[in-house]
Amino acid sequence: MAAPRMHTIVPPYVLQRVAGSDPALASEARTALWVEHHRRTLARLPRRPRSGSGLTREISDAGGRETTPGRLVRGEGDAATGDAATDEAYEGLGAVYRYFQQVHGRDSLDGAGGPLLATVHYGRGYDNAFFDGARMVFGDGDGRLFLRFTRALDVIGHELMHGILADEADLAYHDQTGALNESVCDVFGTLVKQHARQQSVTEADWLIGDEILGPAVQGVALRSMAAPGTAYDDPMLGKDPQPDHMDRYVQVGEDSGGVHINSGIPNKAFHDAAVASGGYAWETVGPVWYATVLDPELDRNPGFAAFAAVTVRAAASLPDGARIAAAVRAAWDGVGVTVEVASPS
């Protein structure tokens with residue numbers, strides 16, 4: 001099994017554009033790119049025996065340095081510190097834990113009660129957040145393009161889902177499989193946010209990273225699951241490149257074959273299946289995607305069609321399976337992905 005890699009919420013092509021177009025912000029963008037380049041392969045999730053103690057959080061402060069873990073500033077059960085990043089990270093980790101425990105019966109990322117770790121105030125004006133294989137790491141943003149990354153619950157859910165994926169499915173990180181990796185993390189990022197806010201599929205915004213965009217950006221989020229390709233159109237960030245259909249699939253060498261770009265296609269499929277199913281997404285289509293990630297028959301390097309087939313099969317095995325499976329199949333068909341499994345009876 002390959003060692004886990006670092007995953008960042010802001011795609012490298014966005015940072016590359018900023019580094020080349022805005023001298024005032026080039027330093028922050030180059031720093032974020034440098035960190036990603038030099039921290040690609042990292043440690044696995046820490047494990048501990050099941051203790052029955054439930055949620056355990058540890059928030060550390062890097063103090064503006066590009067090092068982890070930093071100084072421990074808030075542990076489980078400690079009072080709020082008054083530092084926004086520290087307290088947002090603490091609450092965000094708790095929301096992620098509660099989602100997976102209450103909805104999927106999963107005890108932390110490793111399924112065995114492992115601690116949830118985070119480092120805040122990483123670097124100075126650092127324009128990213130990432131999961132390093134063991135902990136969440138948050139930059140404070142430059143204040144113009146990106147704000148404090150602890151503000152966004154969907155970002156926290158997305159990044160921590162990378163830990164679950166590495167522990168369960170170990171999906172390869174390139175081309176269609178890598179796009180599925182990123183999409184699954186967007187799926188559970190938005191599910192964590194919707195669950196915490198108790199939003200139905202029609203109340204949810206289906207945006208990823210809407211709370212981290214700064215005042216200088218012409219856009220609403222990093223990604224839109226409802227309408228990929230429409231999240232931003234900005235002189236510094238460029239135009240959201242995500243396709244919403246296989247007809248517009250992007251062949252590109254950068255970004256590990258476009259993993260942050262082509263994730264728009266399975267994102268749109270999940271959104272459409274959830275809206276068609278109605279109610280709360282974590283009760284309908286969310287369990288389908290979770291069962292797919294845990295399915296032992298899921299290949300480590302699936303394309304969109306292979307992954308879609310497992311989702312339809314997983315849906316058919318759940319309560320109200322025929323209806324949900326039909327919605328899932330129709331959603332994949334709607335984005336141009338052919339599902340080659342027998343229709344549920």
Side-chain angles (χ1 to χ4, degrees), residues 1-14 36 39-45 96 100 104 106 109-110 128-134 136-137 154-192 208-209 222-223 225 228 241-244 246 249-271 285-286 288-311 314 332 335 337:
M1 183 181 291
R5 56 169 288 138
M6 172 178 153
H7 297 277
T8 61
I9 193 66
V10 179
Y13 55 81
V14 170
E36 180 178 2
R39 298 189 63 159
R40 290 190 181 276
T41 303
L42 303 123
R44 290 196 174 277
L45 283 171
V96 172
F100 282 101
H104 304 297
R106 187 181 188 91
L109 303 188
D110 63 0
N128 228 326
F130 61 87
F131 180 74
D132 74 356
M136 273 290 319
V137 180
D154 46 16
V155 168
I156 300 174
H158 171 109
E159 292 300 325
L160 291 181
M161 185 61 196
H162 278 300
I164 294 177
L165 270 182
D167 206 53
E168 296 289 355
D170 197 27
L171 295 178
Y173 200 72
H174 58 78
D175 302 306
Q176 285 193 22
T177 306
L180 286 166
N181 192 312
E182 283 298 324
S183 174
V184 167
C185 291
D186 275 353
V187 162
F188 285 95
T190 196
L191 287 175
V192 166
I208 301 296
L222 282 178
R223 292 182 287 280
M225 297 182 70
Q242 282 206 311
D244 61 359
M246 286 301 293
Y249 184 90
V250 178
Q251 298 284 354
V252 63
E254 65 178 2
D255 188 34
S256 301
V259 298
H260 289 93
I261 298 174
N262 292 310
S263 59
I265 295 170
N267 274 3
K268 174 70 169 169
F270 180 87
H271 165 270
V285 187
V288 173
W289 259 243
Y290 185 72
T292 298
V293 167
L294 269 59
D295 193 317
E297 295 185 24
L298 180 67
D299 187 83
R300 184 177 176 272
N301 195 26
F304 290 170
F307 185 88
V310 179
T311 64
W332 285 113
V335 299
V337 175

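Residue numbers run from 1 in the order of the sequence given. FYI, side chains are in, hydrogens and waters are out, and symmetry mates aren't considered; it's all heavy atoms of this structure.
At a cut-off of 3.5 Å, with distance as the only test, no side-chain donor of T190 or D154 sits close to an acceptor on the other residue.
Counting heavy atoms from C-beta outward, P302 and L180 have side chains that approach closer than 4.5 Å. Using a 4.5 Å cut-off on side-chain heavy atoms (C-beta onward), H260 and R223 make contact.
To the nearest 0.5 Å, atom CG of residue D170 and atom CG of residue D299 are 11.0 Å apart. The distance from atom CG of L165 to atom CD of E182, rounded to the nearest 0.5 Å, is 9.5 Å. The CG atom of L298 lies 11.0 Å from the CD atom of E168; values are rounded to the nearest 0.5 Å. The CD atom of Q251 lies 11.0 Å from the CD1 atom of I261; values are rounded to the nearest 0.5 Å. To the nearest 0.5 Å, atom CG of residue D175 and atom OH of residue Y249 are 5.5 Å apart. Atoms CG and CE, from L191 and M161 in turn, are 9.5 Å apart once rounded to the nearest 0.5 Å.
Nearest approach of P266 to A179, heavy atoms of both residues: CG-O, 4.4 Å. Considering all non-hydrogen atoms of both residues, A172 and N301 come closest at CB-OD1, 3.8 Å. Pairing each heavy atom of G303 with each of T177, the nearest pair is N-OG1, 4.4 Å. Residue E297 comes nearest to D295 through the heavy atom pair N-OD1, 2.7 Å, listed as atom of the first residue, atom of the second, then distance. Here the closest non-hydrogen pair linking V192 and G157 is CG2-CA, 4.3 Å. Minimum interatomic distance between M136 and L160 (heavy atoms only, all atoms of both residues): CG-CD2, 3.3 Å.
Between W289 and W332, the ring planes lie parallel to each other; the angle is under 30°, not in the 30° to 60° tilted range. The aromatic rings of H158 and H162 stand perpendicular to each other, their planes meeting at an angle above 60°, with 30° marking the opposite boundary.
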Q: For I164 and F100, run side chain to side chain contact (heavy atoms under 4.5 Å, CB included): C-alpha distance rounded to whole Å, both residues' side-chain angles, the deciding distance at 0.1 Å, then the answer.
A: CA-CA 10 Å; I164 294 177; F100 282 101; 3.7 Å; yes
Q: Decide side chain to side chain contact (heavy atoms under 4.5 Å, CB included) for V335 and D244; before the verdict, give the C-alpha distance in whole Å, the side-chain angles of both, and the deciding distance to 0.1 Å.
A: CA-CA 6 Å; V335 299; D244 61 359; 5.9 Å; no
Q) Can you check side chain to side chain contact (heavy atoms under 4.5 Å, CB included) on M246 and V337, steps first, answer last? A) CA-CA 7 Å; M246 286 301 293; V337 175; 3.7 Å; yes
(Q) Is there a side chain to side chain contact (heavy atoms under 4.5 Å, CB included) between S263 and V259? Walk through the geometry before answering. (A) CA-CA 6 Å; S263 59; V259 298; over 6 Å; no
